[in-house]
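Structure, as structure tokens:
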Protein chains: 2
Amino acid sequence: MNADQLIRHAHGRVTPARTRVLTTLLDAERALTHLEVAERLAPAVALDRVTLYRTLDWLVEQALAHRVAGEDRTWRFNASPGGAPAHHAHFNCTRCGQIFCIEALTPALALQLPPDFHAQQIELSIKGLCAGCNPA
Amino acid sequence: MNADQLIRHAHGRVTPARTRVLTTLLDAERALTHLEVAERLAPAVALDRVTLYRTLDWLVEQALAHRVAGEDRTWRFNASPGGAPAHHAHFNCTRCGQIFCIEALTPALALQLPPDFHAQQIELSIKGLCAGCNPA
DNA sequence: CGTCGATACGCAACACGGTTGCGAAATAGG
DNA sequence: CCTATTTCGCAACCGTGTTGCGTATCGACG
């Protein structure tokens with residue numbers, strides 16, 4: 001299923017902005033910041049900053065992408081063609097700041113929360129060095 | 001060990017700003033934003049915004065406090081009198097945004113990372129409703 | 001294929017958290 | 001008390017993200 005089909009399936013208008021942004025996210029091997037998205041489609045299309053934000057928000061709203069809050073206080077976006085998995089793990093590189101989604105990780109946790117605390121979602125964040133930054 | 005002693009122990013000058021900020025963090029039951037710290041010591045001392053940021057940074061540098069990145073992209077600070085524990089869990093309230101540190105939680109994880117990825121620190125983030133926001 | 005209403009886009013301005021530079025004030029040691 | 005060094009406060013700045021509004025575009029229908 002390509003970008004246009006996904007957009008149409010979400011009952012949204014197919015516009016160059018949406019097509020290009022979603023395609024970029026689908027092609028990305030990791031979560032991208034708005035700036036990285038802009039850079040990746042810069043030569044072909046020059047999107048307005050606001051349009052890009054709104055497009056990304058729309059994709060998240062339609063569950064075609066999901067948002068990750070990084071350590072540097074910038075949102076990163078990731079395509080989620082099959083819908084977002086409930087328990088998600090992220091690898092956070094402490095050197096370059098890139099965020100990778102780690103699939104196939106089931107944290108079997110025995111949680112004891114303080115009384116009257118109610119857990120909805122569990123997110124596991126692993127900090128370390130990614131392949132590109134690993135000196136070994 | 002009180003605030004002044006901790007500061008002196010870190011070979012830093014004992015100033016009203018540091019004393020009050022560290023005392024505030026030590027008294028806090030959860031991680032505080034810079035704004036919350038400012039509000040808590042507002043009636044007594046009115047610190048400059050920059051001074052507060054620098055003081056908090058200094059405390060983090062001296063390992064007297066640690067920083068948590070919340071979902072709203074603002075730093076929250078927590079006193080860590082005994083040094084920062086390596087594996088730390090945070091409870092993140094999805095309604096009021098408050099962050100609580102959960103101690104005594106050892107995530108026994110069988111991690112399989114992609115090749116050449118090197119994990120340094122594992123952070124577990126639990127999202128849900130805190131006691132104050134829990135309708136039950 | 002042309003028209004029209006709903007929607008998306010682009011521009012400008014704004015909001016907010018956080019940072020930097022620099023001169024003035026306060027600290028700690030002699 | 002005096003002085004060197006550190007810290008404070010002010011002002012200005014930066015980047016991410018948001019809002020309002022007029023204009024352009026999509027796509028449905030005739």
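The chains referred to below are lettered A, B, ... by the order of the sequence lines, with proteins before strands, and numbering in each begins at 1.
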Atom-to-atom span, [atom1] of [X] to [atom2] of [N] - whole angstrom:
| X | N | atom1 | atom2 | result |
| --- | --- | --- | --- | --- |
| B:Gln62 | D:dT6 | CD | P | 13 Å |
| B:Asp57 | D:dT6 | CG | P | 18 Å |
| A:Trp58 | D:dC26 | CH2 | P | 15 Å |
| B:Trp75 | C:dT19 | CH2 | P | 8 Å |
| B:Leu52 | D:dC8 | CG | P | 10 Å |
| A:Arg76 | D:dG17 | CZ | P | 10 Å |
| A:Arg54 | D:dT23 | CZ | P | 16 Å |
| A:Asp4 | D:dC26 | CG | P | 12 Å |

Open item on the list: One pair to check against side chain to side chain contact (heavy atoms under 4.5 Å, CB included): B:Ile7 and B:Trp58. What are the steps and the verdict?
Closed with: CA-CA 10 Å; B:Ile7 292 168; B:Trp58 184 84; 4.0 Å; yes

By nearest-nucleotide position on DNA chain C, the 5'-leaning member of A:Ala46 and B:His34 is A:Ala46

Which of A:Asn78, A:Leu56, A:Leu64 passes side-chain contact (heavy atoms from CB on, under 4.5 Å) with A:Leu25? It is A:Leu56

Side-chain atoms of B:Asp48 come closest, of D:dG9, C:dG10, D:dC8, to D:dG9

Against the side chain of B:Val50, the closest entry in C:dG18, C:dC9, D:dA11 is D:dA11

Practice prompt. Measure the shortest side-chain to side-chain distance between A:Arg30 and A:Leu32 over non-hydrogen atoms and say whether it is less than 4.5 angstrom.
Written response: yes

Indicate, with yes or no, if [Y] and [X] share a hydrophobic cluster defined by side-chain heavy-atom contacts under 4.5 Å among Ile, Leu, Val, Met, Phe, Trp and Tyr.
| X | Y | answer |
| --- | --- | --- |
| A:Leu22 | A:Leu47 | yes |
| A:Val60 | A:Leu41 | yes |
| B:Phe77 | B:Ile99 | no |

Task: Under 4.0 angstrom between B:Tyr53 side-chain N/O and C:dT19 OP1 or OP2 - done: no

The contact string for nucleotides 24-30 of chain C, one letter per nucleotide 5' to 3', using protein heavy atoms under 4.0 Å with B, S and - for base, sugar-phosphate only and none, comes out as --BBS--

>> So A:Arg18, base contact, sugar-phosphate only, or nothing? Heavy-atom distance under 4.0 Å.
In response: sugar-phosphate

OG1 of B:Thr33 to CG of B:Asp72, rounded to nearest 0.5 Å, is 8.5 Å

Worksheet item: Can you find a donor-acceptor pair, distance only, under 3.5 Å between B:Arg49 side chain and C:dG18 base?
Response: yes

